[in-house]
Amino acid sequence: MSKFELSIFDPNTLLPHRAGIAGLALVLSTLDPNDAPISWEITEDTVTLNWDCSDKEALDWLIKSAYQIDSGMLNVPALNLSGQGKYTFSQGVTSTFLQHSKQRTLDKTPRDIPFKVDENQPEIIISHRSLIDCYYLRDFKGVFNSKNKFSSSIAIKGHHLPGLVECYINGEYEESPSGFIALLFLPIACNYYLLQNGRYALVIPEVKDLKSWINRRRQLSNRSYRDFRSPSAGEAGLRLLLEEALADSLQLQKVEYCEVYQLGKQPWDGNQSGLKQAVYRVRASHEVLSVYQSAISLFPSKVKVTDKGVSWLDISKILPWIAENLVNGKTWYTKFYEFRKSPSNNIKYERKGLIAMTSHLQPYEQTLFDSVQGAFSVYLVGQIKQATKQGRPLDYAQVTDKVIHRLQRPSTQQEFATALVDFLSQFRSKAARGLGREIYAWIHGEEWRKARDLTMLAIATYQSKKKDGDANSEEELVEIPDSDSVVEADDEGYEESL
């Protein structure tokens with residue numbers, strides 16, 4: 001008789017092993033023990049397996065009960081996936097765990113699959129090559145001895161843990177039979193995301209309670225094609241944590257941590273497209289998830305149609321920038337100065353969302369933000385008067401670019417401090433009155449780069465209270481001074497205090 005105890009608290013297990021044990025528990029929870037050649041018991045932290053048959057017979061039965069091919073896609077009946085869910089799971093597994101052609105066989109002729117993403121938009125057509133065969137449905141080599149018993153150590157490769165590369169000094173990585181069994185069910189516990197430029201993100205969750213995780217996984221397993229697309233690996237990790245935080249039940253056993261493997265090409269190996277590029281260890285507080293929840297609602301992916309009538313899913317460019325900042329423990333607008341300077345980041349079509357995101361500024365950040373917008377408001381009043389005298393309409397984009405260039409050109413702390421003080425002094429407003437000490441601390445302290453980001457953000461998100469066309473609601477309008485807020489030149493000590 002063989003007996004295996006797989007515990008998530010075993011000190012010899014890593015995060016992938018614990019997630020794999022959870023995947024095994026999920027599969028076993030859907031099987032009928034009366035028709036099984038093995039018996040099992042699932043507790044909050046351990047899966048216990050027993051069988052009288054050979055190890056090979058027991059494992060073959062487990063694997064065939066877990067993985068199937070359905071309509072050319074890899075399917076896990078325990079996940080109860082929909083049509084789009086089967087595609088995202090199958091595509092995710094075959095592009096990460098089974099990325100190598102030796103581990104799966106695909107049909108040579110692709111077929112088109114239509115997916116409905118938005119109710120009022122055309123379907124998106126996806127080219128898909130049907131799965132014919134894969135590693136999980138084949139006989140395992142190097143796992144059993146001549147008596148069909150587990151070998152004492154089993155070689156582990158990239159199809160067991162994506163991104164794993166053989167050590168050229170010590171050879172292949174090896175696992176115990178218990179660790180090998182856990183890794184076989186790891187794909188069931190993971191989430192998969194298609195990133196830009198053909199890269200993939202594999203998200204492995206933290207599991208602290210098997211029974212609680214099984215119930216949550218059933219609720220969150222049915223993913224759509226929109227859920228499958230993510231702009232960055234960091235955003236993919238935050239999305240998983242947000243889904244866990246928003247789950248209705250089992251609030252005490254949420255996934256608070258996850259690892260994200262970013263897979264793509266490496267310059268030193270042109271044959272494989274799914275090598276490990278980066279690993280993100282994502283842990284987010286309630287405040288961080290609140291900011292991210294606002295961001296994901298303000299910058300959603302949208303279905304767009306080309307001139308030739310081809311529909312595609314447009315992914316936000318602002319969302320991954322915000323997500324990377326949050327994952328790295330920084331404020332959401334960090335490096336907006338560099339982000340806006342990049343010619344590929346056109347914020348014109350996502351400006352409304354950026355304006356709404358400024359509601360997450362802290363009070364001490366709001367002081368500098370309002371001061372810059374107040375000065376910019378005064379500057380615009382002068383430009384409007386000048387344009388009126390000349391009998392021409394105001395070119396808002398041109399005058400805005402002048403200010404941005406003026407404040408964006410400085411590259412050192414001293415140059416930026418001089419440029420900002422000159423701007424606030426030349427275009428005085430009530431928003432900056434009495435804030436000389438606060439502004440001085442911003443531009444002469446260690447966070448002067450953060451002040452530069454806030455300054456650029458203030459100009460880019462300027463919204464007049466009298467202009468309703470560029471905002472969705474009154475709540476999105478930035479409170480800034482009107483033209484009657486201009487302070488006369490006799491304000492004492494204003495420039496000196498700066």
Side-chain angles (χ1 to χ4, degrees), residues 1-28 38 40 42 45-51 53-67 76 93-94 96-100 102-104 134-190 202-207 210 213 258-261 263 272 274-276 279 281:
M1 181 177 180
S2 297
K3 180 177 180 179
F4 292 89
E5 291 186 355
L6 288 73
S7 172
I8 59 176
F9 295 137
D10 186 338
N12 295 318
T13 61
L14 300 175
L15 185 71
H17 297 92
R18 295 191 287 273
I21 294 173
L24 172 61
L26 174 63
V27 171
L28 292 173
I38 68 174
W40 61 85
I42 302 174
D45 56 34
T46 304
V47 174
T48 303
L49 302 174
N50 295 280
W51 56 74
C53 57
S54 67
D55 295 342
K56 184 179 186 304
E57 181 182 352
L59 188 62
D60 287 346
W61 180 84
L62 267 175
I63 292 297
K64 290 180 181 179
S65 300
Y67 297 101
V76 175
V93 174
T94 55
T96 54
F97 287 91
L98 307 180
Q99 59 182 274
H100 201 284
K102 292 182 179 180
Q103 308 305 332
R104 80 290 196 271
C134 72
Y135 168 78
Y136 299 111
L137 303 180
R138 301 172 182 172
D139 288 335
F140 297 138
K141 296 180 180 180
V143 176
F144 307 101
N145 58 23
S146 59
K147 297 181 179 181
N148 288 332
K149 295 292 184 180
F150 279 119
S151 300
S152 58
S153 61
I154 302 171
I156 300 298
K157 298 184 178 181
H159 53 277
H160 302 115
L161 188 61
L164 185 65
V165 180
E166 177 181 347
C167 178
Y168 291 100
I169 297 177
N170 300 315
E172 298 175 330
Y173 290 91
E174 295 183 344
E175 268 290 358
S176 65
S178 297
F180 175 75
I181 293 174
L183 292 179
L184 287 179
F185 295 87
L186 174 60
I188 300 174
C190 296
L202 171 70
V203 184
I204 305 177
E206 174 194 40
V207 179
L210 293 176
W213 183 88
C258 65
E259 286 187 358
V260 185
Y261 294 178
L263 305 176
Q272 298 187 59
L275 296 173
K276 190 184 295 182
V279 177
R281 293 172 175 85

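Interatomic distance, Ile181 CD1 to His17 NE2, rounded to the nearest 0.5 Å: 11.5 Å. Separating the CD1 atom in Ile188 from the CG atom in Leu186 is a distance of 9.5 Å, to the nearest 0.5 Å. Atom CD1 of Ile21 and atom CG of Asp10 lie 7.5 Å apart (nearest 0.5 Å). Distance check, rounded to the nearest 0.5 Å: CG of Leu28 to CZ of Phe185 gives 7.0 Å. If you take CH2 on Trp61 and CD1 on Ile38, they are separated by 5.0 Å, rounding to the nearest 0.5 Å. Between atom CD of residue Gln103 and atom OG1 of residue Thr94 there is a gap of 12.5 Å, rounded to the nearest 0.5 Å.
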From CA spacing to verdict: side-chain contact (heavy atoms from CB on, under 4.5 Å), Ile156, Phe180: CA-CA 8 Å; Ile156 300 298; Phe180 175 75; 3.9 Å; yes
Any chance you could lay out the side-chain contact (heavy atoms from CB on, under 4.5 Å) test for Ile63 and Phe140, step after step, and finish with the verdict? CA-CA 11 Å; Ile63 292 297; Phe140 297 138; 3.9 Å; yes
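Between Ser152 and Pro177, the shortest heavy-atom contact is O-CD, 3.7 Å. Between Ser178 and Leu6 the shortest heavy-atom distance is O-CD2, 3.7 Å. Across all their heavy atoms, Pro187 and Tyr136 have their closest contact at CG-OH, 3.1 Å. The nearest pair of heavy atoms linking His100 to Arg104 is O-CD, 3.3 Å.
Arg281 contributes no side-chain N or O that, together with a main-chain N or O of Glu259, makes up a donor-acceptor pair within less than 3.5 Å. Arg18 places no side-chain N or O within 3.5 Å of a backbone atom of Phe9 that could act as its donor or acceptor partner.
Side-chain contact between Leu183 and Pro16: present, with at least one pair of heavy atoms (C-beta onward) separated by less than 4.5 Å. Looking at Pro205 and Trp213, their side chains come closer than 4.5 Å, going by heavy atoms from C-beta outward. Between Leu26 and Val76, the closest side-chain pair of non-hydrogen atoms is not below 4.5 Å. Put simply, the side chain of Phe97 reaches to within 4.5 Å of the side chain of Leu202, judged on heavy atoms. Contact annotation: the side chain of Glu57 never approaches that of Asn148 to less than 4.5 Å [non-hydrogen atoms, C-beta and beyond]. Side-chain contact between Leu49 and Leu24 is present, with heavy atoms from C-beta onward closer than 4.5 Å. Between Ile8 and Leu210, the closest side-chain pair of non-hydrogen atoms falls below 4.5 Å. For the pair Glu174/Ile154, no side-chain contact is recorded, criterion being any heavy-atom separation below 4.5 Å from C-beta on.
For the residue pair Ser151/Asn145, the side-chain donor-acceptor check at 3.5 Å is not satisfied.
Looking at Asp60 and Lys56, a side-chain N of the basic residue comes within less than 4.0 Å of a carboxylate O on the acidic one, giving a salt bridge. Salt bridge annotation for Glu172-Lys157: present, with a cationic side-chain nitrogen under 4.0 angstrom from a carboxylate oxygen.
Ring centers of His160 and Tyr135: under 6.0 Å apart, within the cut-off.
More than 12 heavy atoms of other residues, nucleotides or ligands shown are found within 6.0 angstrom of CZ on Phe144. Enclosure of atom NZ in Lys149 by more than 12 non-hydrogen atoms of other residues, nucleotides or ligands within 6.0 angstrom is indicated.
In terms of the ring pair (Phe, Tyr, Trp, His ring centres under 6.0 Å) criterion, residue partners of Phe4 (sequence neighbours excluded) are, by chain and number, Trp51, Phe150.
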